[in-house]
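Below is one structure; the comments refer to it alone.
Sequence lines set the chain letters: A, B, ... in the order given, protein chains first and strands last, and positions in each chain run from 1.
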Number of protein chains: 2
Amino acid sequence: MGESSARPLRADAERSVRAILEAAERVLSEDPGASMEQIAAAAGVARTTIHRRFAHRQALVDALALSAARRLAQAVDDGRPDTAPPSVALHRITANVLEVKGAWTFALGVPTAPGSEAAAIHQEMAGHCLTVLERARAEGLIDASADLHWVRRVYYALLGESLHGDADDTGVDTDTLAARVVDTLLHGAGPRRA
Amino acid sequence: MGESSARPLRADAERSVRAILEAAERVLSEDPGASMEQIAAAAGVARTTIHRRFAHRQALVDALALSAARRLAQAVDDGRPDTAPPSVALHRITANVLEVKGAWTFALGVPTAPGSEAAAIHQEMAGHCLTVLERARAEGLIDASADLHWVRRVYYALLGESLHGDADDTGVDTDTLAARVVDTLLHGAGPRRA
DNA sequence: GCTATCTGCAACAGCGTTGATGCATATCAA
DNA sequence: TTGATATGCATCAACGCTGTTGCAGATAGC
């Protein structure tokens, strides 16, 4: 439930919706207070066309958040959080998530409404995340006494930080960034044991 | 340079300015798009009074950001980043910064204009931060091959994450939070050596 | 080709916010 | 006390954004 309450849109209409969502992400990530007019211009579409598909501005934002949440969930699932070896899953998921999160900064930053489908997706992803961390702990990758909820928060924070891209990072391989995130999460900045 | 281009304000006027800045922080941290009217109400002041002290809305925001930057700089200095033993400085600065950052979430989140005084303060703080990290590395607290710029970014991210306060944290001692931040920064989540 | 759908354009009313002004009143400081 | 300063209040014009509507033309789908 989410996209189709009426019959499917015509081909061109669906193309418009996609263009609008992508343009909205592009514009709103640079200025969260941008007007519908600006979004419409970026989408190559008249403002009224946006209002035809999304009654209120909030409806557009919600749709955007939901769309991005789905992509992110897909990125997590692709990492096989339940079956792949923890270290592998951790790395793969990190790389996948970095990719998606970088492309949907605004949409994934929108606070999800308590009962919404987007919120449910995010909760489910948090669950998957904890699963991976638990499996990692069981294998000794994470300290036995660690508070996994804190670890998860740190993980999220590191993911977010990786995306700011302080000059040096521009153009760096996603896998390299992911490796750094995972390494920092597990070992911090302290001296390495021989 | 910053506060006094004309002669000092009268006592009650200065009180108003303080009330306005504090109210602005309170209101804007909950809704960055809040109107001047809402801020004025929260400050117990007429909207026109705000406009008397701050010509544009942006002027108010800038003043707020500058005020908060100064407080944060003070918090850093109080930790003696140049003279105290690195581990001590790291902990003290972290605790101090957590205190200030928690109270001025919005003001410290405002993007600082390139040439502004606030930007200069933030740059100086970044410098102090790197100094502490270098001294910590010299003492072996941080790995010799570590990229201190990345470490600093991670440190900032951990500070930010500590302030979200996921239920459990509410009412927890600042020193405890600081200890967790520093510990995570240095050791990550991996298993501890005996 | 025919029809239903989609789109752009233009115009509209409504709304909230901003920033400015004048004036009467309250408060501080000397 | 007295003069300068600060404040509240009412009012104003201007602006931008939102959301809606009607219509004519373009496009997709059968």
Calculate the interatomic distance between [X] atom [atom1] and [N] atom [atom2]; express it in whole Å.
X        : N       : atom1 : atom2 : value
Arg53(A) : dG19(D) : CZ    : P     : 17 Å
Ile50(B) : dA6(D)  : CD1   : P     : 16 Å
His51(A) : dT21(D) : NE2   : P     : 12 Å
Arg47(A) : dC17(D) : CZ    : C1'   : 8 Å
Asp31(A) : dG16(D) : CG    : P     : 15 Å
Gln58(A) : dC17(D) : CD    : P     : 18 Å

Query raised in the report: Any cation-pi pair here, Arg153(A) with Tyr155(A), using under 6.0 Å and within 45°?
Result: no
Report task. Decide whether a cation-pi geometry holds between Arg152(B) and Tyr156(B); the criteria are a distance under 6.0 Å from NZ or CZ to the six-membered ring centre and an angle within 45° of the ring axis. Result -> yes
Quick check for you: to the nearest 0.5 Å, what is the distance between [X] atom [atom1] and [Y] atom [atom2]?
X         : Y         : atom1 : atom2 : answer
Glu117(B) : Arg70(B)  : CD    : CZ    : 4.5 Å
Glu134(A) : Arg137(A) : CD    : CZ    : 6.0 Å
Ile142(A) : Leu148(A) : CD1   : CG    : 6.0 Å

Could you check whether [X] gets within reach of a base, just the sugar-phosphate, or nothing at all, counting any heavy atom under 4.0 Å?
X        : result
Arg52(B) : base
Gly44(A) : sugar-phosphate
Arg57(A) : sugar-phosphate

**Report entry** Side-chain N,O (Thr48(A)) to OP1/OP2 (dT21(D)) below 4.0 Å
**Finding:**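 Thr48(A) to dT21(D) OP1/OP2: no side-chain N or O under 4.0 Å.
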Query raised in the report: Quick one: is Ser35(A) getting a side-chain N or O under 4.0 Å of the dG16(D) phosphate, OP1 or OP2?
Result: no
Query - Working for side-chain hydrogen bond (donor to acceptor under 3.5 Å, both in side chains), residues Asp143(B) and His187(A) - result: CA-CA 10 Å; Asp143(B) 193 81; His187(A) 304 111; over 6 Å; no
Query - Heavy atoms from other residues, nucleotides or ligands near CD of Glu139(B) exceed 12 (cutoff 6.0 Å) - result: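 Buried by this count: over 12 neighbours within 6.0 Å.
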Requested in this report: Give a yes or no on this: more than 12 heavy atoms of other residues, nucleotides or ligands lie within 6.0 Å of atom CD of Gln123(B).
Outcome: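 12 or below, so no.
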Query - Difference in axis direction between the ends of the helix from dG1(C)-dC30(D) to dA30(C)-dT1(D), five pairs, 10° - result: 50°
Report summary line: Min and max contacting nt of DNA chain C in 5' to 3' order, chain B heavy atoms within under 4.0 angstrom, are dT17(C) to dA29(C)
Query raised in the report: Going by distance alone, is a donor N or O of one side chain under 3.5 Å from an acceptor N or O of the other, for Trp150(A) and Thr184(B)?
Result: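 A pair is found: one side chain offers a donor N or O, the other an acceptor, under 3.5 Å apart.
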Query raised in the report: In the 5'-to-3' direction, what one-character label does each nucleotide of nucleotides 24-30 of chain D receive under the scheme B = base within less than 4.0 Å of a protein heavy atom, S = sugar-phosphate only, - = no such atom?
Result: ---BSS-
Query - Sidechain-backbone polar pair: Glu99(B) side chain, Asn96(B) backbone, donor-acceptor under 3.5 Å - result: no
